Chemist: 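My questions will all concern the structure given below.
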Amino acid sequence: MERFFIRGQQELSGDIPVYGAKNHALKMIPATFLSEGSVTLRNVPGIDDVAQSLELVVALGGDVERIDASTVKITAPTESAGIFPQDIASKLRASIVFLGPVLARYHTVVMPHPGGCNLGKRPIDLFIRAFELMGASITTVGEHMHFSAPQGLNGAHIVFPVITVTGTETVLMAACLAKGETVIENASVEPEIIELTQYLIDHGAQITGIGTHVLRIIGGGLLTGGSARILPDRIEAGSFVMLAAAARAHIRVINCRPDHLTVPLEILRAMGLPMTITEDTIEVHPHQGLQAHSIVTHEYPGFPTDLQAPMTVLLTQASGTSMVRETIYDGRLFYTDTLNTMGAKITLMDSYRAVVEGATELHGKLVVSPDLRAGIAMVIAGLIAKGTTTIEHINHIDRGYERIEQRLQAIHADITRIE
Ligand code: EPU
């Protein structure tokens, strides 16, 4: 099992590039199953979740050709039995995104409950309800769910009672090949969904309402092949900005989309962080101290749950009391115990609310990465802490951040990967 070994409090500075977005790549890969020809995807991040998603393409009968380190050409099969292998699907939560396009095109899917990060076995009731409304019959045999629509899916009126990112995406894709009109109400409006919707339209889908909470799709035949570029990862960009702020460093985050981070950047500005922002860079300037600020996670364009853990580390460095309210996931604040062992003063009120008293000096420790986003928070904590930090279970971090230690070394961080 690999670990990171960090000597904290080095003087960080320089440019750090942002790579392709995990949560865009993991939707664009299944979207290729809607096309008759090949689709070339560029700026694909080299992370474990993407590798597993590409393995799933091959397991379903598709072809994956590596053009270079960040470009893949995917050709969906003309026929597929739609069987998702247990070892891939049970590890990759985003395997559920394949459900819509594969069921719509090949009329059958057999899959185990999708796994993924340690946020508990997340529910899939909204997916099941949506595909039932679109005419699929769903049965459970042992550990597997069987989805079947021998005549193909039908358009339907789907109202999501809560906003679901992957639910919106997979139903949107299925609707492109379903018969008739589908309406998705309370659709999510994340930048990755808008980009996916635009890709679908550009390759032949009939969709209106792009970027709004109501999407209308008229189903038709297979889309054309083509190409797409994966967006810069807004969560990675935000994590690097928070690292720079916590370390009081002069760092320029490059190749990013600041317009996808307006709410977090506005909060950082209100805390007193000096930044220079261009169309694709965020330059963080050294500061003499930040003020506490409360945050509430929210669906886009609100404060992203995926930045809540890095932000909490930053709040331990701000003067005063901050409240962190997590509204998307139960159980996404438990890592705060680990930060307390490093010297933070965080009180967990319940599984959704934490109070952070700052500023506190952190001290290096042996810690375990509990999930992807808390894992990057541990990296930030280790980099600003006095002494040395060892982080175990970094496989969680590799799921979503490509060669993170190399990019951090380039801004003078003392971090090494050890066996
Ligand atoms: N939910 C249900 N039933 C469902 C589906 C969702 O109750 O059938 C609930 C969830 O339990 C949660 C809420 O709805 O409380 C929202 O979950 P959502 O479905 O939006 O999450 P997701 O689509 O599974 C994606 C990202 C997550 C990100 C969330 C929220 C991907 C592959 N994953 O998850 O990313 O946190 O949206 O923005 O896009 C990460 O990258 O670390 C990560 C966890």
Side-chain angles (χ1 to χ4, degrees), residues 19-31 45 47-50 52-53 56 89 91-100 113-133 138 145 158-173 184 186-196 213 230-231 233-239 260-261 263-264 296-311 326-333 335 351-352 369-377 396-402:
Y19 292 162
K22 168 176 89 72
N23 289 346
H24 186 212
L26 293 177
K27 323 309 165 54
M28 288 309 306
I29 295 169
I47 52 176
D48 289 355
D49 271 15
V50 162
Q52 286 184 347
S53 186
L56 184 50
K91 273 187 271 170
L92 182 67
R93 163 79 188 180
S95 57
I96 191 92
V97 187
F98 280 83
L99 173 58
H113 193 292
C117 48
N118 286 1
L119 296 173
K121 196 169 176 182
R122 287 190 260 157
I124 56 166
D125 53 306
L126 304 178
F127 297 75
I128 291 176
R129 163 106 180 123
F131 289 111
E132 270 171 358
L133 286 172
I138 303 165
M145 291 173 294
I158 289 154
V159 181
F160 284 124
V162 293
I163 290 185
T164 162
V165 172
T166 45
T168 301
E169 292 162 330
T170 201
V171 170
L172 168 67
M173 290 193 243
I184 305 175
N186 204 19
S188 117
V189 294
E190 261 61 9
E192 296 78 20
I193 296 191
I194 298 176
E195 197 74 6
L196 167 69
H213 290 295
I230 304 302
L231 286 172
D233 196 312
R234 63 193 160 98
I235 304 303
E236 195 171 89
S239 308
H260 292 163
L261 281 168
V263 169
V296 182
T297 65
H298 198 276
E299 291 87 4
Y300 192 84
F303 192 95
T305 173
D306 294 341
L307 279 178
Q308 178 259 102
M311 183 69 179
E326 170 58 53
T327 66
I328 310 289
Y329 296 115
D330 195 6
R332 217 182 200 188
L333 281 169
Y335 69 90
S351 59
Y352 288 101
S369 165
D371 67 56
L372 169 61
R373 305 304 174 186
I376 200 73
H396 291 302
I397 302 172
D398 291 334
R399 279 190 42 227
Y401 295 87
E402 176 181 348

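Everything quoted here is computed from the prediction, not taken from an experiment. One-based numbering, in listed order, for ligands and for the atoms of each.
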Chemist: Short list, please: which atoms of ligand 1 are under 4.0 Å from a heavy atom of I328?
Modeler: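 So the answer, numbered in order with elements, is 12 (C), 15 (O), 16 (C).
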Chemist: Check each of G167, P123, G302 against atom 2 (C) of ligand 1 and report the one with the nearest heavy atom.
Modeler: P123
Chemist: Does the N or O separation between A94 and ligand 1 drop below 3.5 Å for any pair?
Modeler: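 No, there is no polar N/O contact under 3.5 Å.
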Chemist: Are E169 and K27 close enough for a salt bridge, meaning some N to O gap below 4.0 Å?
Modeler: yes
Chemist: Only heavy atoms count here, so choose which of I163, V165, L372, D306 is nearest to atom 25 (C) of ligand 1.
Modeler: V165
Chemist: Got a donor-acceptor contact below 3.5 angstrom from the E326 side chain to the Y329 backbone?
Modeler: yes
Chemist: Check whether any heavy atom of D49 sits under 4.0 Å from an atom of ligand 1.
Modeler: no
Chemist: Could you tell me whether the side chain of D233 and the main chain of K22 form a donor-acceptor pair under 3.5 Å?
Modeler: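 Present.
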Chemist: Would you say E299 touches ligand 1, if touching means a heavy atom closer than 4.0 Å?
Modeler: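 Flag not set, E299 not near ligand 1.
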Chemist: Heavy-atom distances under 4.0 Å are what count here, so tell me which part of Y329 touches ligand 1: side chain, backbone, both or neither.
Modeler: side chain
Chemist: Only one of T168, T164, T170 passes side chain to side chain contact (heavy atoms under 4.5 Å, CB included) with T166; say which it is.
Modeler: T164
Chemist: Keeping the roles fixed (side chain from H260, backbone from R234), state whether a donor-acceptor pair exists under 3.5 Å.
Modeler: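 No.
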Chemist: Would you confirm whether E132, through its side chain, and I138, through its main-chain N or O, come within 3.5 Å as a donor-acceptor pair?
Modeler: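 Pair absent, no side-chain N/O of E132 close to backbone of I138.
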Chemist: Identify which of K22, K27, Q308, H24 has a heavy atom lying nearest to atom 39 (O) of ligand 1.
Modeler: K27
Chemist: Of the choices L92, L126, D371, which has the non-hydrogen atom that lies closest to atom 8 (O) of ligand 1?
Modeler: L126
Chemist: Please check if the side chain of D49 supplies one atom and the backbone of G400 the other of a donor-acceptor pair under 3.5 Å.
Modeler: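 No.
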Chemist: As a check for students: among R373, H396, R93, R332, identify the option with a heavy atom nearest to atom 44 (C) of ligand 1.
Modeler: R332
